2 protein chains.
Amino acid sequence: MGTLKYAILGLLNRNEMTGYELSKEFETTLFEFWNAKHSQIYPELKSLNAEGLIQYRVEITGNVLEKKVYTITDEGRRDFSEWEETLCPIQTASKDESRLRLFFLDGASPDFQQRFLADQLSQHQKHLEHLLENQKKFDEIPPTDDRAFSDYLVLRGAVYREEAALQWIQECIKLGEQRSAELKK
Amino acid sequence: MGTLKYAILGLLNRNEMTGYELSKEFETTLFEFWNAKHSQIYPELKSLNAEGLIQYRVEITGNVLEKKVYTITDEGRRDFSEWEETLCPIQTASKDESRLRLFFLDGASPDFQQRFLADQLSQHQKHLEHLLENQKKFDEIPPTDDRAFSDYLVLRGAVYREEAALQWIQECIKLGEQRSAELKK
DNA sequence: CAGCCCATGTAATTGGTTACATGATTTT
DNA sequence: AAAATCATGTAACCAATTACATGGGCTG
């Protein structure tokens with residue numbers, strides 16, 4: 001689908017950036033819903049440049065170190081807008097190893113079942129805490145015309161997702177306990 | 001991580017199956033959290049067989065048509081149990097194009113923003129309905145020692161996930177409307 | 001006998017991760 | 001002086017999708 005291409009164009013459409021800065025952006029802001037390592041980013045920048053969708057100038061840091069500051073071209077902007085203004089199917093499926101393990105968990109020992117669920121619960125709790133920590137940084141909802149508004153929205157999306165995961169694991173634990181109770185009878 | 005390997009071993013650990021039946025299983029039961037096309041399954045079966053983790057016998061349907069019915073070996077069972085009884089990290093990140101688009105949505109026209117969100121909302125509603133339809137098929141929660149119990153649990157997980165997505169989109173719409181109201185002032 | 005489902009495979013390509021490789025700059 | 005971070009790239013490999021390729025069996 002070439003989604004990485006549009007993620008990069010979208011970021012460059014907001015600010016000029018180096019490959020390094022792009023990869024930091026992927027690690028932080030976009031991390032929850034799109035990630036890419038520098039080893040994927042640099043080649044992609046090369047090919048976007050070859051296509052004429054982005055350009056770069058070289059800047060010097062210190063005495064020698066060169067960095068390439070990329071900017072989007074008009075053609076790049078056109079290409080991005082076209083992508084931006086199309087509908088897209090929701091993600092109904094996604095690979096999730098935890099859920100796969102849970103699917104097969106009935107085959108494991110009752111002791112391990114308990115440990116597994118407790119571990120998943122605690123991991124999700126920690127992650128949710130972390131997200132809420134980030135949410136605190138917005139001491140109020142940013143104005144809708146601010147760049148930070150998008151950051152806020154996707155963060156909220158991640159919070160909802162974690163909360164749902166937590167509720168689910170809790171339900172799994174509850175149903176598991178009912179089972180133990182039944183077995184004791 | 002070789003997760004496909006364990007998905008297949010796990011399914012064969014429950015029932016003997018042909019490659020075709022495995023691929024149907026991926027399309028239906030496992031679809032929400034792990035998917036694989038037949039073009040990935042057949043080569044994987046070949047290599048699992050070469051490793052001695054699974055075996056097959058040939059059965060004839062009709063007069064000529066051969067099918068390979070795969071069974072898991074003792075070695076395969078051992079390998080699977082080892083995987084089954086280990087903890088695993090939760091999925092904190094996953095590629096989701098809808099969320100990426102939403103992240104960049106502030107750049108689109110107000111008209112399109114509305115259309116995009118309404119479309120996402122309706123897609124999620126339809127998908128949730130579909131999941132609830134499946135849930136109805138379990139007219140009560142299956143007994144915890146039943147194979148169907150796992151099916152039920154992961155279905156519940158998918159329901160929670162969809163509900164969260166719906167709530168999130170609704171919040172996005174609400175915040176978007178507040179913006180329009182502000183702009184009118 | 002047409003159309004759909006059963007059944008199995010391979011090939012080409014894309015997407016993505018891990019590892020390899022190098023070196024400058026800044027901070028402690 | 002060491003450690004962390006800035007900065008850019010390539011190579012090898014693994015995972016996954018799309019397309020190619022073939023043919024039998026069943027139902028209307």
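The figures that follow rest on heavy atoms only: side chains count, while hydrogens, waters and symmetry mates do not. Residue numbering restarts at 1 for every chain, and letters A, B, ... go by the order of the sequence lines. Note that the structure is predicted; figures quoted are calculated from it, not measured.
In this model, the phosphate group of D/dC6 is approached by a side-chain N or O of A/Y20 to a distance below 4.0 Å at OP1 or OP2. Contact annotation: B/K37 side-chain N/O to D/dA16 OP1/OP2 distance is not under 4.0 Å. OP1 or OP2 of C/dG9 has at least one side-chain nitrogen or oxygen of B/K68 nearer than 4.0 Å. Between B/K46 and C/dT10 there is a side-chain polar atom (N or O) within less than 4.0 angstrom of OP1 or OP2.
B/K95 comes within 4.0 angstrom of the backbone, heavy atoms only, and of no base.
No hydrogens or angles were tested; on distance alone, a donor-acceptor pair under 3.5 Å links the side chain of B/S39 to the base of D/dT18.
Taking atom CD of residue A/E21 and atom P of nucleotide C/dT25, one finds them 17 Å apart after rounding to whole Å. One can place CD of A/E27 at 16 Å from P of D/dA4, the figure rounded to the nearest angstrom. One interatomic measurement links the two molecules: NZ of B/K5 to P of D/dA16, which rounds to 14 Å at whole-angstrom precision. Counting to the nearest Å, the C1' atom of D/dA7 and the CD1 atom of A/I41 are 13 Å from each other. When rounded to the nearest whole Å, the span between CG of A/L45 and P of D/dA7 equals 14 Å. When rounded to the nearest whole Å, the span between CD1 of B/I60 and C1' of C/dC6 equals 14 Å. Between the P atom of D/dT18 and the CG atom of B/N35 lies a distance of 10 Å, rounded to the nearest Å. The nearest whole Å value for the distance from the CD atom in A/E44 to the C1' atom in C/dG16 is 12 Å.
Using a cutoff of 4.0 Å between basic side-chain nitrogens and carboxylate oxygens, B/E32 and A/R99 are not scored as salt-bridged. Salt-bridge formation is not detected for the pair B/K24/B/E21: no Lys NZ or Arg NE/NH1/NH2 atom is positioned less than 4.0 Å from an Asp or Glu carboxylate oxygen. The pair A/E59-A/R57 meets the salt-bridge criterion, since a charged nitrogen lies less than 4.0 angstrom from a carboxylate oxygen.
Take the nearest nucleotide of DNA chain D for B/L4 and for A/Y42: the residue whose nucleotide is more 5' is A/Y42. For A/G2 and B/G19, each mapped to the nucleotide of DNA chain C holding its nearest heavy atom, the one lying further toward the 5' end belongs to B/G19. Where A/Q40 and A/G62 each meet DNA chain C at their nearest nucleotide, the meeting point lying more 5' is that of A/Q40.
Relative to the side chain of B/K24, the nucleotides C/dA7, C/dC6, D/dC6 differ in distance, and C/dC6 lies closest. Distances were taken from every side-chain heavy atom of A/W34 (C-beta onward) to each of C/dG16, D/dA7, D/dG25; the shortest belongs to C/dG16. When distances are taken from the side chain of A/T18 to each of D/dG24, C/dT10, D/dT8, the shortest belongs to D/dT8. The listed nucleotides are C/dT25, D/dG9, D/dG25; the one nearest the side chain of A/T61 is C/dT25.
Ring pair B/F80/A/F104: centre-to-centre distance below 6.0 Å.
Using cut-offs of 30° and 60° on the angle between ring planes, the pair A/F149 and A/Y152 is parallel.
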